[in-house]
Amino acid sequence: MRVLVTGGAGFIGSHVVEALKAHGHEPVVHDIRTDPASDVRDPDTVRTALTGVDAVCHQAAMVGLGVDFGDAADYVSHNALGTAVLLSAMAETGVRRLVLAGSMVVYGEGRYSCEWHGVVRPGPRSVADLEAGRFEPLCPVCGEELSPGLVGEDAPVDPRNVYATTKLAQEHLAAAWARSTGGSAVSLRYHNVYGPGMPRDTPYAGVASFFRSALARGESPRVYEDGRQRRDFVHVRDVASANVAALQADPTPGALTAYNTGSGDPHTVGEMAEALTAAYGGPDPVITGQYRLGDVRHITADSSRLRAELGWKAEVGFAEGMREFAGSEMRKVRESPSG
């Protein structure tokens, strides 16, 4: 299979390219890092890149929470507009298979249950609560404490920042494209991806990159809130193998199918900081009590659908992955989003 990989020179995209090669496919890299003209927002270059292609693996995006709302137009341009241009070109050129780099951020908060009211969906946390160090969301009915659980693909979506909104827009666009053309679309809703080749020293990277960059500077990782927020840290090679599995699966014409893509082994952010620091050799992490408005408290994946339907499973364990990441090289330049 000849596969166009947008963002194929980036962190996740480069691992997808290697995984495709290892499975006998022919990846075609379309990335602004290697060719300044390869912007997915340019219809002419995208149409040219799609020549002779059997499928598209769309990794190019502007990632992370951002700095402030002033980033909104850039996120919409790179993620929503870029995806629309790509899908329009696919409709025109007859390419009918898409794997999209989705994200768990479309859910907002994860799954919570109340002892008295069952499964509930707490609203966004207030500034007053965050300032007072009250980080845990409470039951919206009775105000009691909640128990976090695994979120499935059928959970309601509730994007709570600009990046999340654009990732959901990508899925809606892909679903509309699939219905219109009879194409097949898969969205892999990545959880917290980490591993070799992460970008360093950029405000748009993930938490693992922040911590690893701090350690490389001889500084303590700074952990927001109380460090007890739960995430699913999934290794980039496992994410790459999920992309290959999605490309090789039997297509579902006319529809988009979403799959959570996580390790299935949740850890707190504090635990991740401690594991990475121990593997790197210090200095110890610092719990700051600070927060970022738009962050959610707990979001962890139920990836059983991906395992059951595509035969995929995460292979890199948490401890092993953190040891490797502690000693691996990172990218020294900011990621270009619209490759």
Side-chain angles (χ1 to χ4, degrees), residues 11-13 15-16 19 57 59 61 63-65 99-113 119 147-161 163-164 167-168 170-171 186-198 205-211 228-247 249 256-273 275-276 295-322 324-325:
F11 167 44
I12 297 175
H15 286 272
V16 171
C57 192
Q59 304 293 319
V63 300
L65 186 59
V99 175
L100 173 68
S103 176
M104 54 83 181
V105 295
V106 301
Y107 298 117
E109 287 284 356
R111 187 179 189 274
Y112 293 88
S113 59
V119 175
S147 298
L150 301 180
V151 61
E153 291 90 348
D154 296 328
V157 292
D158 185 17
R160 296 191 177 181
N161 55 58
Y163 170 62
K167 295 306 290 183
L168 183 57
Q170 286 184 311
E171 288 195 359
V186 169
S187 178
L188 297 174
R189 290 176 175 169
Y190 301 160
H191 281 246
N192 288 71
V193 186
Y194 74 96
M198 284 195 86
V207 65
S209 174
F210 295 159
F211 293 168
R228 297 177 183 173
Q229 55 272 46
R230 289 161 54 88
R231 297 290 187 269
D232 186 320
F233 299 100
V234 58
H235 196 277
V236 66
R237 286 197 300 274
D238 286 329
V239 166
S241 71
N243 277 268
V244 175
L247 285 165
L256 178 139
T257 305
Y259 293 104
N260 286 335
T261 308
S263 70
D265 181 26
H267 289 269
T268 68
V269 173
E271 288 171 343
M272 190 272 283
L276 188 58
D295 272 348
V296 298
R297 179 62 174 174
H298 304 295
I299 177 69
T300 53
D302 177 357
S303 298
S304 58
R305 178 185 290 179
L306 183 56
R307 292 193 296 269
E309 296 186 6
L310 301 189
W312 172 91
K313 66 176 181 177
E315 300 288 350
V316 182
F318 178 76
E320 172 194 354
M322 288 298 159
E324 179 196 20
F325 183 45

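Remember, it's a predicted structure, so these values are computed and weren't measured experimentally. Heads up: numbering here begins at 1 and tracks the sequence.
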Open item on the list: For the aromatic rings, using the six-membered ring if either is Trp, is the centroid distance between Tyr194 and His235 under 6.0 Å?
Closed with: yes
Supply the atom-to-atom distance [X] [atom1] to [Y] [atom2], rounded to the nearest 0.5 angstrom.
X	Y	atom1	atom2	result
Cys57	Leu188	SG	CG	7.5 Å
His15	Ser241	NE2	OG	12.0 Å
Asn161	Lys167	CG	NZ	12.0 Å
Glu271	Leu276	CD	CG	13.5 Å
Phe233	Thr300	CZ	OG1	11.0 Å
Leu310	Ser303	CG	OG	11.5 Å

Open item on the list: Ser113: which residues meet the side chain to side chain donor-acceptor pair (under 3.5 Å) condition with it, sequence neighbours left out?
Closed with: none
Task: Contacts of type side chain to side chain donor-acceptor pair (under 3.5 Å), residue Arg305, not counting sequence neighbours - done: Asp154
TODO: State whether a side-chain donor-acceptor pair under 3.5 Å links Ser263 with Asp232.
DONE: yes
Partner residues of [X] under the salt bridge (Lys or Arg N to Asp or Glu O under 4.0 Å) criterion, sequence neighbours left out:
X	value
Glu171	Arg189
Arg160	Asp158
Arg237	Glu324

Between [X] (side chain) and [Y] (backbone), is there a donor-acceptor pair under 3.5 Å?
X	Y	answer
Lys313	Asp238	no
His298	Gly110	no
Trp312	Val244	no
Asn243	Val99	no

Contact check, side chains of [X] and [Y], non-hydrogen atoms, under 4.5 Å:
X	Y	answer
Arg231	Ile299	yes
Asn192	Met104	yes
Arg228	Arg297	yes
Ser187	Leu256	yes
Tyr112	Pro148	yes
Ser103	Val63	no
Gln59	Phe11	no

Please report the closest heavy-atom contact between [X] and [Y], naming both atoms and the distance.
X	Y	answer
Ala19	Ala240	CB-CB, 4.0 Å
Ala164	Val106	O-CG1, 4.2 Å
Met198	Ala208	SD-CB, 4.1 Å

- [ ] Can you run down the salt bridge (charged side-chain N to carboxylate O under 4.0 Å, His left out) pairs that involve residues 260-269, sequence neighbours left out, and say none if there aren't any?
- [x] none
TODO: Determine, stepwise, if the pair Asn260 / Tyr107 fulfils side-chain contact (heavy atoms from CB on, under 4.5 Å).
DONE: CA-CA 11 Å; Asn260 286 335; Tyr107 298 117; 2.7 Å; yes
